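Everything quoted here is computed from the prediction, not taken from an experiment.
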Amino acid sequence: MKRFTMFASAIALASAPVALHAQEPVAAEAGTLDTGTGATMVAPPGWSTDRRDGMLVFTAPEGDATVAVIGIDQAADGSDAITMGWQKFDPDFVREIELAQEPPARDGWDQITVAGYETSPAEKLVLQGIALRKGDDWTVMLVRGALATIAKRGAQLGQAFGSLSPANFEKESFAGKTAHELTPERIAELREFVSQSMAQLKIPGVGLALVDNDRIVYEGGLGVKSLGSDDPVDANTSFMVASNTKGMATLLLSSLADEGKLRWDQPVVELYPAFRLGSDETTAKVLVEHLVCACTGLPRKDMEMVVATSGDTPASNTFDLLSGTEPTSGFGEVFQYNNLMASAAGYIGGHLIHPDMELGAAFDQAMDERIFVPLGMEATTFDYSEAMADNWAMPHARGFGEEVQPIEMVWNSVVRPYRPAGGAWSTAHDMALYALNELREGKAADGTQLFSAENLLKRREHNVAIGEDAWYGMGLMESRSTGVPVFFHGGSLLGYKSNFWFIPEAGVGAVLLTNSDEGQALLGPFQRKLMEVLYDGKPEAEENVEAIVSLGAQGRAKGREGVVEAGDPAVLTALAPHYSNPDLGPVHVMQIDGETWLHMTSGRSKVGTRANDDGTSSVFFTSPGLAGFILLIGEQDGKRTLTLDDSQHEYVFVESDG
């Protein structure tokens, strides 16, 4: 399993549990720690801390993941520093670096190197080395641990890694500064940045809107709705906005709180007795404010949605799936994103308004009545047929190779039964109105109070940290990394990546909707560019995009190594024609026009095969949007199997009769 990322995503990586021989154990401090390398950092919250032979070592509560911080002198380069770090931390470590990359140096560092290592799927491990140079001195971080633990505690590592800084470094801050007005010149600068980035990242189309001084100062489109077409994107082109729906659903709950139909601190079972998690004890603890806080410790359970959803899946399946789910961490302990809880929140809200209607229909009508119509969001809908009737952007993604191409909508239909978590279609214009409502704290343009400020702002409270100076509220996130509070949320479905931002201190909002998976790489740089334009920040955004383009291409090329796109005939012919899993349903292996396809309940993909470094093989999805998805080939009790691992769950498809 190849895992390669830039430093910004380093928290997602690590590998192989190591025997721990703690020396001089000390409790993890709430304040800044001296790493012993000339740098300082904050310990990952909840991790134990000890010092061994000049190294600072953090250990996860589970005991199967560690982060070692080591000072290295006189290294030839970053890769050499990382190798020397492993020799000091674990002399028996023998793996060689698979890919080393150098993202732009930031936060006071002169050079940054991120090294990736290959692990096989069966190991369920993550492994990474990061080297940061200041002058002639290197600070090396080695991350090694069980994949499930690293996935669960990634936000805690993000807090720690984000705090790491060299001595005497002063972070850039815009606190106390007055933001520039978004004049035509500054708007043009932002549009040009988006246009150039689209060309570099191969994004076909973007919907863009900007808000300033209580009005929309720009709304429009760049590029086209579909490759091969000259039909341009405009301000009213519909995109799927995915998880941006969550904040809209919590706004629905705010309207109910205004009416006294619910309290944020009210047990959910009082409002909806059918709500249940994996145990009575856990169920009783869940309050309304926990439904969309990502703070209950419930891990993602997306595979049931992604693989086993069909047009017949009812909205009530949200509650069926939750009833078998238990937290893997304590309430408020770590950030764990859970789409099913957000789906439940919206459906409960709709049910309280229209108790005699089917759950999905009740939610749709409630959102129209309470959110979309009052805010003037006339094009925002959960109706796929309505959204795709005319002015809509087709999704795009890379396949096995580098080419970006249109993809089928079928895989995005899986979110419809869980649509409060991510099923809305919207436009740049409508999303700008949504941002304006946040900036006005619930007031309409004529001064009418549509939502109380108290209950609208409740959604922005810090429920759980998602990184350094960043928190998750209820369907909204906040970052203060530059000293100015920036609120935002993103959305991600196949071929649709989006974000909206609002900055109350500046009175500014922004919307960016894209019709390509490559759009994900534009969201962070756009936020940076917006802050640069508003506050005369250091020019970094353009370099960030250039790095993403080059490093991304390197990573994808490395990820294709060992993969046979059409599949190794010997491996493919040994597959069973049919498999099944009690939670995810059937998988059928089919030959169509000489190509091998895997069919699941939710959709299908062409597949190839990959040889893993431990001698096993995997089925490797190659269709656009799904490329890189893998199923490990194996055997269990004399029957052939395919295993899907989503970090915290393992699903084994066993050979069946079809």
Task: Euclidean distance, L147 CG relative to Q648 CD, rounded to 0.5 Å - done: 8.5 Å
Task: side chain to side chain contact (heavy atoms under 4.5 Å, CB included) partner of L208, the single match among L512, V233, V511 - done: L512
Task: NZ or CZ of R460 within 45° of F487 ring axis and under 6.0 Å - done: yes
- [ ] Say whether, by atom type as modelled, one donor and one acceptor occur between the side chain of T328 and the main chain of P299 under 3.5 angstrom.
- [x] no
TODO: Please answer whether the main-chain N or O of P525 pairs with a side-chain N or O of N544 as donor and acceptor at a distance below 3.5 Å.
DONE: no
Task: P624 to A397 - nearest heavy-atom pair and separation - done: CB-O, 3.8 Å
TODO: List the atom of F239, the atom of V206, and the distance in Å for their closest heavy-atom pair.
DONE: CZ-C, 4.1 Å
Open item on the list: Can you give me the closest heavy-atom contact between F526 and F193, atom names plus distance?
Closed with: CA-CE2, 3.7 Å
Task: Pair R528 + E172: basic N to acidic O under 4.0 Å - done: yes
Task: T325-K301 side chain donor-acceptor pair, cut-off 3.5 Å - done: yes
Open item on the list: Please check this pair: side chain of D258 against backbone of F451, looking for a donor-acceptor N/O pair closer than 3.5 Å.
Closed with: no
Task: Side chains of S516 and T514, donor plus acceptor under 3.5 Å - done: no
Task: Minimum side-chain heavy-atom gap P104-E540 below 4.5 Å - done: no
Task: Donor-acceptor contact present, side-chain S602 to main-chain V306, <3.5 Å - done: yes
- [ ] State, yes or no, whether a side-chain contact exists between L551 and P103 at a heavy-atom distance under 4.5 Å.
- [x] yes
- [ ] Evaluate salt bridge (Lys or Arg N to Asp or Glu O under 4.0 Å) for K497 paired with D517, printing each intermediate quantity in order.
- [x] CA-CA 6 Å; K497 310 298 177 186; D517 278 356; 3.5 Å; yes
Open item on the list: I'd like to know whether L291 forms a side-chain contact (heavy atoms from CB on, under 4.5 Å) with I348, so could you lay out the CA-CA distance, the side-chain angles of the two residues, the decisive distance to 0.1 Å, and finally the verdict.
Closed with: CA-CA 10 Å; L291 288 171; I348 290 171; 4.3 Å; yes
- [ ] Taking the side chain as every heavy atom from C-beta outward, state whether V484 and M531 have any atom pair closer than 4.5 Å.
- [x] yes
Open item on the list: Could you check whether N391 and N236, counting side-chain N and O atoms only, form a donor-acceptor pair closer than 3.5 Å?
Closed with: no
TODO: Tell me, with the steps shown, if E478 and R459 meet salt bridge (Lys or Arg N to Asp or Glu O under 4.0 Å).
DONE: CA-CA 11 Å; E478 180 187 354; R459 297 154 55 248; over 6 Å; no
- [ ] For the pair D430 and W425, evaluate side-chain contact (heavy atoms from CB on, under 4.5 Å) and give the outcome as yes or no after the intermediate values.
- [x] CA-CA 10 Å; D430 279 14; W425 290 79; over 6 Å; no
Task: Pairing of R106 and E543 as salt bridge, 4.0 angstrom limit - done: yes
TODO: Answer yes if the side chains of Y434 and S426 hold a donor-acceptor pair under 3.5 Å, and no otherwise.
DONE: no
Open item on the list: Between K529 and E189, does any side-chain N to carboxylate O distance fall below 4.0 Å?
Closed with: yes
Task: Over 12 non-hydrogen atoms of neighbours within 6.0 angstrom of NZ in K458 - done: yes
Open item on the list: Are W264 and L253 packed together at the side-chain level, in the sense that at least one heavy-atom pair is separated by less than 4.5 angstrom?
Closed with: yes
Open item on the list: Just to verify, which of L182, T183, I503, L439 counts as forming a side chain to side chain contact (heavy atoms under 4.5 Å, CB included) with D212?
Closed with: L182
Task: Side chain R419, main chain R416, donor-acceptor under 3.5 Å - done: yes
Task: Heavy-atom donor-acceptor pair, Q336 side chain to G297 backbone, under 3.5 Å - done: yes
Open item on the list: Quick check for you: to the nearest 0.5 Å, what is the distance between L321 atom CG and M341 atom CE?
Closed with: 13.0 Å
Open item on the list: Which label fits F363 and F382: parallel for a plane angle under 30°, tilted from 30 to 60°, or perpendicular past 60°?
Closed with: tilted
Task: N499 (side chain) donor-acceptor with H489 (main chain) under 3.5 angstrom - done: yes
Open item on the list: Within the structure provided, determine whether L132 and L164 are in side-chain contact (heavy-atom separation under 4.5 Å).
Closed with: yes
- [ ] Please examine the side chains of K171 and D469, heavy atoms only from C-beta on, and report whether any two atoms are closer than 4.5 Å.
- [x] yes
Open item on the list: Quick check: closest heavy atoms across G332 and V464, and the distance to 0.1 Å?
Closed with: O-CG2, 4.2 Å
TODO: Heavy atoms only: give me the nearest D368-F372 pair and the separation to one decimal.
DONE: OD1-CD1, 3.3 Å
Task: Exam field: side chain E438 to backbone F502, donor-acceptor pair closer than 3.5 Å - done: no
TODO: Taking atom types as modelled, find out whether T237 and D234 have a side-chain donor-acceptor pair closer than 3.5 angstrom.
DONE: yes
Open item on the list: Would you call the rings of F621 and F629 parallel, tilted or perpendicular, taking 30° and 60° as the class edges?
Closed with: perpendicular
TODO: To the nearest 0.5 angstrom, please state how far the CZ atom of R300 sits from the OG atom of S647.
DONE: 10.0 Å
TODO: Taking the side chain as every heavy atom from C-beta outward, state whether H290 and C295 have any pair of such atoms under 4.5 Å apart.
DONE: yes
Open item on the list: Please tell me whether S498 and N244 have a donor and an acceptor in their side chains that are separated by less than 3.5 angstrom.
Closed with: yes
TODO: Before accepting this row, confirm whether a basic side-chain N of the pair R440/D214 lies closer than 4.0 Å to the acidic partner's carboxylate O.
DONE: yes
Open item on the list: Tell me whether E454 at atom CD has more than 12 heavy atoms from other residues, nucleotides or ligands lying less than 6.0 Å away.
Closed with: no
Task: Which atom of A393 lies closest to which atom of Y496, heavy atoms considered - done: O-OH, 2.5 Å
TODO: Find out whether N515 and P395 are in side-chain contact, i.e. whether some heavy atom of one side chain is under 4.5 Å from a heavy atom of the other.
DONE: no
- [ ] Ignoring hydrogens and angles, tell me if any N or O in the side chain of T309 forms a donor-acceptor pair with the backbone of M305 under 3.5 Å.
- [x] yes
Task: Flag for E542-Q196: side-chain donor and acceptor within less than 3.5 Å - done: no
Open item on the list: Check whether K246 reaches the backbone of A421 with its side chain - one donor and one acceptor, N or O, closer than 3.5 Å.
Closed with: yes
Open item on the list: For the CD1 atom of I407 and the CG atom of L494, what is their distance to the nearest 0.5 Å?
Closed with: 5.0 Å
- [ ] Starting at CZ of F335, measure out to OG of S329 and round the result to the nearest 0.5 Å.
- [x] 11.5 Å
Open item on the list: Going by salt bridge (charged side-chain N to carboxylate O under 4.0 Å, His left out), name the pairs with one or both residues in residues 371-388, residues two or more places apart or in two chains.
Closed with: none
Task: Worked check of side-chain contact (heavy atoms from CB on, under 4.5 Å) between I216 and L433 - done: CA-CA 8 Å; I216 300 173; L433 297 176; 4.1 Å; yes
- [ ] Carefully, step by step, assess R480 and E505 under the rule salt bridge (Lys or Arg N to Asp or Glu O under 4.0 Å).
- [x] CA-CA 12 Å; R480 296 185 183 177; E505 287 186 11; over 6 Å; no
Open item on the list: Please report the interatomic distance OG(S413) to CE(M240), rounded to the nearest 0.5 Å.
Closed with: 7.5 Å
Open item on the list: Go through it in stages, so that I can follow the logic: the residues are Y535 and T482, the test is side-chain contact (heavy atoms from CB on, under 4.5 Å), and I'd like the CA-CA distance, side-chain angles, deciding distance and then a yes or no.
Closed with: CA-CA 10 Å; Y535 295 101; T482 59; over 6 Å; no
Open item on the list: Between the side chains of E402 and K202, is the shortest nitrogen-to-carboxylate-oxygen separation below 4.0 Å, so that they form an ion pair?
Closed with: no
